[in-house]
Colleague: 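If you scroll down you'll find the structure; I have some questions about it.
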There are 2 protein chains.
Amino acid sequence: MTQLVSGQSISAVAAMIGDVARANILFALMGGKALTATELSHHAGVSAPTTSGHLNKLLDGQLITVEKQGRHRYYRLASPAVAEALEGLSNLAASGPGRHRPTGPKDMAMRQARTCYDHMAGQLAVAMTDAFTSRGLIIVEDRSGLITEEGQRVFADFGIGLDPKPRSARPLCRTCLDWSERRMHLGGRLGAALLAQSLQRRWVRPVKESRALSITRDGERGFHDVFGIPRDRLTPAG
Amino acid sequence: MTQLVSGQSISAVAAMIGDVARANILFALMGGKALTATELSHHAGVSAPTTSGHLNKLLDGQLITVEKQGRHRYYRLASPAVAEALEGLSNLAASGPGRHRPTGPKDMAMRQARTCYDHMAGQLAVAMTDAFTSRGLIIVEDRSGLITEEGQRVFADFGIGLDPKPRSARPLCRTCLDWSERRMHLGGRLGAALLAQSLQRRWVRPVKESRALSITRDGERGFHDVFGIPRDRLTPAG
DNA sequence: GCAATGCTTCGGCCAGGACCGAAGTAATCC
DNA sequence: GGATTACTTCGGTCCTGGCCGAAGCATTGC
């Protein structure tokens with residue numbers, strides 16, 4: 001009964017994530033930023049030595065990667081596949097027993113816009129998805145998404161060159177369930193490129209010590225003028 | 001820092017799957033068939049009492065459901081979301097360290113065709129995906145899939161009525177990485193309907209005590225005539 | 001150079017939980 | 001009814017693995 005993927009190997013990966021401290025570490029890294037061991041120990045809620053042990057296990061399991069930089073060590077999720085596996089577990093956790101009340105994050109800034117691994121989430125991201133759909137730039141069906149020819153043109157104008165088939169296992173356009181909005185938002189390579197481009201144009205700015213993003217004046221104008229997002233969806237009250 | 005989905009709740013779910021015996025149980029249930037406690041104890045490789053404990057935990061965690069029938073208890077995965085979470089973990093496990101050699105399953109029958117939760121996998125499923133794509137019935141891009149108008153017509157003729165938007169969280173058409181073929185095959189509601197219809201028409205038949213499916217004479221003719229699948233991809237040698 | 005910071009390894013403690021055998025309940029067969 | 005099969009609950013054992021404090025390397029700053 002030897003198989004490429006067995007219960008054995010699945011359980012090994014799941015056990016990695018099945019510890020509260022390690023799950024907190026991975027969850028913190030879902031923000032997409034590289035974090036140091038000390039920062040992660042705060043997120044994990046355990047001592048530095050314990051965190052070090054956990055990080056070694058996660059490295060062994062190839063769920064994260066390190067980069068040494070001076071006396072710091074910066075950790076990241078190893079691949080989008082890790083983020084997707086975590087997302088799958090989140091979907092289960094969200095619908096499972098002992099669910100928290102669906103009030104979403106208390107932090108209004110987080111609720112408005114934040115990073116989700118390498119793309120955007122929150123009200124802004126959902127509004128973008130809506131705007132793209134209604135303008136016929138993308139076609140979203142359930143969890144899948146396709147970019148139309150019109151969309152390719154508009155995104156290219158925006159500075160996003162999307163090679164249709166650069167042999168990557170990464171979906172060009174997929175959606176991701178938003179835990180505060182309970183709606184889909186854009187992920188995949190398109191989502192990642194949109195975040196990168198928005199940061200470069202300074203339409204959004206990362207908020208210190210948080211996954212939240214703040215929308216700048218330029219962003220308010222840009223998201224409205226270029227993508228046709230209603231202004232009332234660009235303000236915290238939105 | 002209370003959030004809808006926290007590291008805490010993710011780890012609870014992951015810990016469920018993070019035990020070898022439980023992972024084997026879930027993996028066995030990925031075949032889509034309901035199995036009894038005794039059958040599952042064999043898959044898990046532990047005693048009946050231990051299995052009983054595991055099953056209770058999985059029930060508590062809402063990863064599986066039971067149905068009493070006489071002196072048997074039939075267990076199933078609770079939802080497609082569970083299967084998708086397992087799939088996400090499988091993808092990680094397959095690319096992780098200690099990977100098994102990529103020879104795929106030894107069992108040729110399994111390799112040719114088998115169930116993957118509620119849809120088909122193996123050579124047959126990959127061949128179908130290829131045929132549908134080249135005939136323009138579906139458009140597959142990475143992990144997403146869309147059904148064309150032509151596709152809707154053909155599938156409807158085949159007896160698959162696909163309500164475009166029956167408010168279900170389940171994707172209509174998505175793809176799933178095949179661990180024996182290393183290619184994508186069809187999942188989602190379309191994949192499930194194709195399996196159901198193929199079983200009903202007796203184009204495939206479940207193999208006893210296995211996830212494998214055998215292609216019948218009718219199936220060879222049907223898959224070729226209706227969907228244009230080359231005959232050489234319908235034989236074990238394929 | 002010395003002190004401070006970031007992170008790791010070591011040693012030892014402790015608890016959760018996975019496991020089994022034996023015994024108990026429930027449904028079926030004859 | 002009695003024997004068999006299916007499954008569970010109970011009680012007790014054992015071991016994995018998460019945790020910390022103390023001490024040990026690196027790197028940086030002064």
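What you see below is based on every heavy atom in this structure, not just the backbone, and it leaves out hydrogens, waters and symmetry mates. Numbered from 1 within each chain, the chains take letters A, B, ... in sequence-line order.
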Colleague: How many whole angstroms separate atom CZ of Arg71(A) from atom C1' of dC30(D)?
Modeller: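 In whole Å, dC30(D) C1' lies 12 Å from Arg71(A) CZ.
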
Colleague: Classify the nucleic acid contact of Tyr74(B) as base, sugar-phosphate or nothing, counting any heavy atom under 4.0 Å across all strands shown.
Modeller: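 Contact class for Tyr74(B): none.
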
Colleague: Below 30° counts as parallel, above 60° as perpendicular, anything between as tilted: where do the rings of Phe223(A) and Trp203(A) land?
Modeller: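 Judged by the thresholds at 30° and 60°, the geometry between Phe223(A) and Trp203(A) is perpendicular.
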
Colleague: Give me the atom names and distance for the closest heavy-atom approach of Ile25(A) to Leu58(A).
Modeller: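 In terms of heavy atoms, the two residues are closest at CG2-CD1, 4.0 Å.
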
Colleague: Given dT8(D), is OP1 or OP2 found less than 4.0 Å from the side-chain N or O atoms of Ser52(B)?
Modeller: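 Yes, such a contact exists.
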
Colleague: Please classify the nucleic acid contact of Thr51(A) as base, sugar-phosphate, or nothing, using heavy-atom distances under 4.0 Å.
Modeller: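 Nothing, no heavy atom under 4.0 Å.
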
Colleague: In whole angstrom, what separates Gln69(A)'s CD from dT5(C)'s C1'?
Modeller: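 After rounding, the reported distance stands at 16 Å.
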
Colleague: I need the CG-P distance between Leu55(B) and dC19(C), as an integer number of Å.
Modeller: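 So the CG-P distance, Leu55(B) to dC19(C), works out to 12 Å.
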
Colleague: Calculate the interatomic distance between Ile17(B) atom CD1 and dG17(C) atom P; express it in whole Å.
Modeller: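 Between P of dG17(C) and CD1 of Ile17(B): 16 Å.
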
Colleague: What integer distance in Å separates His42(A):NE2 from dT5(C):C1'?
Modeller: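 Distance, rounded to whole Å: 13 Å.
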
Colleague: With a cut-off of less than 4.0 Å, is there a side-chain N or O of Ser47(B) near OP1 or OP2 of dC20(C)?
Modeller: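 For dC20(C), OP1 or OP2 has a side-chain N or O of Ser47(B) closer than 4.0 Å.
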
Colleague: Would a 4.5 Å heavy-atom cut-off, applied to side chains only, mark Leu89(A) and Ser9(B) as touching?
Modeller: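 With C-beta onward as the side chain, the pair stays apart.
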
Colleague: Is the shortest side-chain N/O distance from His54(A) to OP1 or OP2 of dC19(D) below 4.0 Å?
Modeller: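 Yes, such a contact exists.
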
Colleague: Between Met16(B) (CE) and dA18(C) (C1'), how many Å, whole number?
Modeller: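 Distance, rounded to whole Å: 15 Å.
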
Colleague: Is there a side-chain contact between Gln112(A) and Ile215(A) (heavy atoms, below 4.5 Å)?
Modeller: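 Touching, per the 4.5 Å side-chain cut-off.
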
Colleague: What is the separation between atom NE2 on His72(B) and atom C1' on dT5(D), rounded to the nearest whole Å?
Modeller: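 To the nearest whole Å, that distance equals 8 Å.
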
Colleague: Both Arg22(A) and Tyr75(B) contact DNA chain D. Taking the nearest nucleotide for each, which residue is further toward the 5' end?
Modeller: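 By nearest-heavy-atom nucleotide position, the 5'-most residue is Tyr75(B).
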
Colleague: Please tell me if Arg73(B) has a side-chain N or O lying less than 4.0 Å from either OP1 or OP2 of dA27(C).
Modeller: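 Arg73(B) to dA27(C) OP1/OP2: no side-chain N or O under 4.0 Å.
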
Colleague: For a quick check of understanding: with a heavy-atom distance under 4.0 Å over all strands, which category does Lys57(A) fall into, base, sugar-phosphate or nothing?
Modeller: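 Sugar-phosphate, backbone atoms only, no base.
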
Colleague: Can you tell which of dC19(C), dC20(C), dC19(D) lies closest to the side chain of Val46(A)?
Modeller: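 Out of dC19(C), dC20(C), dC19(D), the nucleotide with an atom closest to Val46(A)'s side chain is dC19(D).
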
Colleague: At their closest point, which heavy atom of Ser41(B) faces which heavy atom of Ala48(B), and how far apart are they?
Modeller: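 Closest heavy-atom pair between Ser41(B) and Ala48(B): CB-CA, 4.4 Å.
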
Colleague: Rounding to an integer number of Å, can you tell me how far Lys68(B) NZ sits from dA26(C) C1'?
Modeller: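 The answer, rounded to whole Å, is 8 Å.
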
Colleague: dC20(D), OP1 or OP2 - any side-chain N/O from Thr50(A) closer than 4.0 Å?
Modeller: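 Yes, because at least one side-chain N or O of Thr50(A) sits under 4.0 Å from OP1 or OP2 of dC20(D).
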
